[in-house]
Amino acid sequence: MADTGTTRTLRNAIQRSGYYPELVAEGIEFAVGAEAIKSWFVHQETTLDVETVRRHVTVLALTPTRLIVGHTDEHSADEDNPVAYATTSTESIALSRISTVVLSRTVADPARYEVGAPPTELVLTVGWGAVSRLDLEPATCGDPNCEADHGYTGSVTADDLSVRVSEAGDGRETVAEMLVFATALSAAVGTR
């Protein structure tokens with residue numbers, strides 16, 4: 001990974017997350033290789049699973065040619081593993097393969113919205129054709145009394161990556177960081 005100011009700020013963000021920073025950073029560095037990082041985003045999620053607290057971190061890194069998606073999860077000790085362990089994976093997607101970048105923004109009090117006001121929530125969805133979601137429902141003809149079988153209707157949605165952040169849950173700074181990353185990713189995909 002080329003040592004640039006952006007690379008150093010990514011390493012600092014991974015360190016601040018406090019979530020196995022050496023393991024997470026190493027996985028991203030292997031995937032990025034010698035390329036420079038143009039933009040990045042780090043998102044840590046904590047979930048409660050009955051008796052267990054589970055942590056997950058997603059790291060997104062944009063290079064001149066690729067989107068790197070890294071995921072790291074921790075797992076509790078179990079009958080097969082006497083000590084806790086973590087799994088980390090990275091996926092490298094050529095920018096030319098990315099077909100959609102969707103950024104959904106939620107703003108408070110839209111009647112008083114002013115240009116440039118920060119959103120309170122963001123959902124970034126990126127599609128490149130690896131995973132699709134199929135939503136089906138019974139088709140109808142519009143006649144409420146019709147009992148005929150009209151088959152099914154539905155839609156296929158690219159759903160390779162979806163990351164949600166909110167001011168209430170993640171903080172204003174995290175929302176701002178995701179907005180910067182999503183803008184850079186959208187611009188990079190738009191030039192391909």
Side-chain angles (χ1 to χ4, degrees), residues 1 6-7 9-21 23-32 37-49 53-63 65-75 86-108 117-135 155-190 192:
M1 189 160 63
T6 304
T7 302
T9 59
L10 171 56
R11 285 188 186 123
N12 290 341
I14 291 171
Q15 189 71 36
R16 273 193 320 275
S17 80
Y19 183 77
Y20 307 120
L23 176 66
V24 172
E26 183 180 62
I28 296 299
E29 288 173 7
F30 282 154
V32 169
I37 295 176
K38 295 173 60 175
S39 189
W40 56 267
F41 179 70
V42 176
H43 184 242
Q44 183 178 334
E45 295 177 80
T46 302
T47 56
L48 303 173
D49 181 16
V53 175
R54 297 193 191 281
R55 295 183 298 169
H56 172 89
V57 68
T58 301
V59 178
L60 306 175
L62 177 62
T63 75
T65 63
R66 300 175 295 149
L67 169 64
I68 307 298
V69 178
H71 295 287
T72 303
D73 292 285
E74 69 179 349
H75 307 276
T87 56
T88 188
S89 64
T90 55
E91 186 170 3
S92 176
I93 304 99
L95 293 178
S96 61
R97 295 253 352 251
I98 296 176
S99 55
T100 59
V101 177
V102 179
L103 183 64
S104 299
R105 302 179 323 145
T106 300
V107 297
T120 57
E121 180 178 308
L122 294 172
V123 179
L124 173 64
T125 305
V126 183
W128 56 88
V131 178
S132 294
R133 182 178 64 237
L134 178 62
D135 294 320
S155 62
V156 177
T157 307
D159 200 18
D160 295 307
L161 174 71
S162 186
V163 180
R164 176 188 171 271
V165 297
S166 70
E167 186 177 295
D170 303 291
R172 183 174 284 184
E173 183 178 322
T174 301
V175 173
E177 288 172 352
M178 183 190 226
L179 187 56
V180 168
F181 177 80
T183 302
L185 177 61
S186 185
V189 169
R192 296 282 164 197

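Keep in mind that what you see is a predicted model, and the values were worked out from it rather than measured.
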Could you walk me through whether D160 and I98 pass side-chain contact (heavy atoms from CB on, under 4.5 Å), step by step?
CA-CA 10 Å; D160 295 307; I98 296 176; over 6 Å; no

With R105 via side-chain hydrogen bond (donor to acceptor under 3.5 Å, both in side chains) - residues at least two apart:
none

For E91, which residues count as a side-chain hydrogen bond (donor to acceptor under 3.5 Å, both in side chains) partner, sequence neighbours excluded?
W128

For the backbone of [Y] and the side chain of [X], can you confirm whether one donor and one acceptor N or O come within less than 3.5 Å of each other?
{"X": "R55", "Y": "Q44", "answer": "no"}
{"X": "S186", "Y": "A182", "answer": "no"}
{"X": "S92", "Y": "A31", "answer": "no"}
{"X": "T88", "Y": "V24", "answer": "no"}
{"X": "Y20", "Y": "A86", "answer": "no"}

Which distance, rounded to the nearest 0.5 Å, do you find between the [atom1] of [X] and the [atom2] of [Y]?
{"X": "T72", "Y": "I28", "atom1": "OG1", "atom2": "CD1", "value": "7.0 Å"}
{"X": "Y19", "Y": "E45", "atom1": "OH", "atom2": "CD", "value": "10.5 Å"}
{"X": "K38", "Y": "L67", "atom1": "NZ", "atom2": "CG", "value": "12.0 Å"}
{"X": "T90", "Y": "E26", "atom1": "OG1", "atom2": "CD", "value": "11.0 Å"}
{"X": "I68", "Y": "L60", "atom1": "CD1", "atom2": "CG", "value": "10.0 Å"}
{"X": "E121", "Y": "S104", "atom1": "CD", "atom2": "OG", "value": "9.0 Å"}

Counterpart residues, salt bridge (Lys or Arg N to Asp or Glu O under 4.0 Å), relative to R97 (two or more places apart):
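R97: no salt bridge (Lys or Arg N to Asp or Glu O under 4.0 Å) contacts found.
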
Are side-chain N/O atoms of T6 and W40 paired as donor and acceptor at under 3.5 Å?
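Not at all, the side chains of T6 and W40 share no donor-acceptor pair under 3.5 Å.
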
Can you confirm whether [X] sits close enough to [Y] that some side-chain heavy atom of one is under 4.5 Å from a side-chain heavy atom of the other?
{"X": "F41", "Y": "T174", "value": "yes"}
{"X": "L103", "Y": "L179", "value": "yes"}
{"X": "V175", "Y": "P119", "value": "yes"}
{"X": "T125", "Y": "T100", "value": "no"}

Please name the pair of heavy atoms, one in [X] and one in [Y], separated by the smallest distance, quoted to 0.1 Å.
{"X": "T63", "Y": "L95", "result": "O-CD1, 3.9 Å"}
{"X": "M178", "Y": "R164", "result": "CE-N, 4.5 Å"}
{"X": "P21", "Y": "G18", "result": "CD-C, 4.2 Å"}

Passes side-chain contact (heavy atoms from CB on, under 4.5 Å), L161 versus H71? Steps please.
CA-CA 11 Å; L161 174 71; H71 295 287; 4.3 Å; yes

